[in-house]
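Indexing begins at 1, ligand by ligand and atom by atom, following the structure's order. What you are looking at is a predicted structure, and each value in this text was computed from that prediction instead of being measured. Note that these values count all heavy atoms, side chains included, but never hydrogens, waters or copies made by symmetry.
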Amino acid sequence: MKRYDIAAIGELNVDIILNGIESEPEIGKEKFARDMTVTLGSSTAIFAANAAALGSRVCFVGMVGRDSFGSLVRSSLEAKGVDTRFLIEGDTPTGATICMNYGEDRANLTYPGAMDVMGFDDIDPAVFELAGHIHLSSLFLQPRLLQDIDRVLDAAAARGVTVSLDTQWDPAETWQLDYRSVLPKVTLFLPNEKELQALTGKSSLEAAIAEVTPLLGRAMLVKCGSRGSLLVRRDGSRTELPAFLNRAVVDAIGAGDSCNAGFISAFVKGLPLEACQETGNLTGAVNTTAAGGTGAFTSLEHVRNLCRDRFGRAIQL
Ligand SMILES: Nc1ncnc2c1ncn2[C@@H]1O[C@H](COP(=O)(O)OP(=O)(O)O)[C@@H](O)[C@H]1O
Ligand SMILES: [Mg+2]
């Protein structure tokens, strides 16, 4: 019996969100914003928080600085029920993103900080003993982890730990991941359609799927926004599942991470892949009913009620 269902390995940062800004920033001038929220950012944190809300036992492996933002990250994760014993405190400050909102548009400025420097040697090897599953995310925001990806995957394989991978978008758009050697060691690959095409350099989604199918560990879930998702198994068989369409989307921030949280929570419970896919589509849809990535995931009870009342489906968690 493992202590954790899921260890999430990923980036951590703080979002400083400014609203009601009088005009765009200009060098040499002082401008004012009406509102500010300082909150836990990072897509892997959204995944971890929501998987915990769905009832999975989750711990986080990530790096923060020895600073007040690091304390904010730690206490925010703990408040969401995520175990922080494997957080690493390093000499590099905790990363932060300043999000300047201008109506529907936004300008972001990110200091990556500690997420830039975490590599395999920083990770407590006990993680691979205590967790039954490892979820890796946001690889291109973590250059040292990306460099060490084979060591992480080999450590997981040596202990029979299953692995899911959501690379997320590469801001540099160079896609320096040798997917031919990496994907066979990944149990569940969780890209969205744009990322899958960019990673493989194929001009059509169909060609990208054909390229990676023989490389899959067990399966891939391709996330297709409001069109739902496509489950592809290693043997090439596919299941397409439309979204549980939400016609009153508040925002889609974190929908992919919430979909991952539902999919993986169902997987670690031993549910069949089709049930995992349905759970992922449901939790992706639930995500869009409230602001931000975690707003709708206040409790499993609340998520169950939303699935039944808004989407007419019983979630299998
Ligand atoms: N408007 C929506 N209504 C219902 N479900 C949605 C909507 N947008 C996204 N989803 C669900 O969330 C999943 C993940 O969202 P997606 O935007 O594809 O991920 P990513 O954020 O990684 O690009 C989708 O596969 C879908 O099931
Ligand atoms: Mg995503």
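- In this structure, the protein non-hydrogen atom closest to atom 21 (O) of ligand 1 is Gly256 N, 3.2 Å.
- The neighbour count for Glu24 CD, taken as heavy atoms of other residues, nucleotides or ligands under 6.0 Å away, does not exceed 12.
- In this structure, atom 4 (C) of ligand 1 lies nearest to the protein heavy atom Phe244 O, 3.1 Å.
- The pair Asp166-Lys223 counts as a salt bridge, with a side-chain nitrogen and a carboxylate oxygen less than 4.0 angstrom apart.
- Side-chain contact check for Asp257 and Gln168: at least one donor-acceptor pair (N or O, by modelled atom type) lies under 3.5 Å.
- The shortest N/O to N/O separation between Asn192 and ligand 1 falls below 3.5 Å.
- The distance from the Mg ion (ligand 2) to the nearest N/O/S atom of Gln168 is under 2.8 Å.
- Counting non-hydrogen atoms of neighbouring residues, nucleotides and ligands closer than 6.0 angstrom, the CZ atom of Arg313 reaches no more than 12 such neighbours.
- A side-chain donor from one of Glu11 and Ser138 sits under 3.5 Å from a side-chain acceptor of the other.
- Atom CG of Asn260 is separated from atom NE2 of His135 by 4.5 Å, given to the nearest 0.5 angstrom.
- Counting heavy atoms closer than 4.0 Å to ligand 1, residue Ala285 contributes atoms from both its backbone and its side chain.
- With hydrogens left out, the protein atom closest to atom 12 (O) of ligand 1 is Gly284 CA, 3.3 Å, a heavy atom.
- Neither the backbone nor the side chain of Ser258 comes within 4.0 Å of ligand 1, counting heavy atoms alone.
- Of the N or O atoms in Gly280, none lie within a sub-3.5 Å distance of an N or O in ligand 1.
- In terms of N/O distances under 3.5 Å, ligand 1 is not approached by Ser229.
- Each of Asp35, Asn108, Asn19 was checked for a side-chain hydrogen bond (donor to acceptor under 3.5 Å, both in side chains) with Asn101, and the lone residue meeting it is Asn19.
- For atom 18 (O) of ligand 1, the closest non-hydrogen atom on the protein side is Gly225 N, 2.6 Å.
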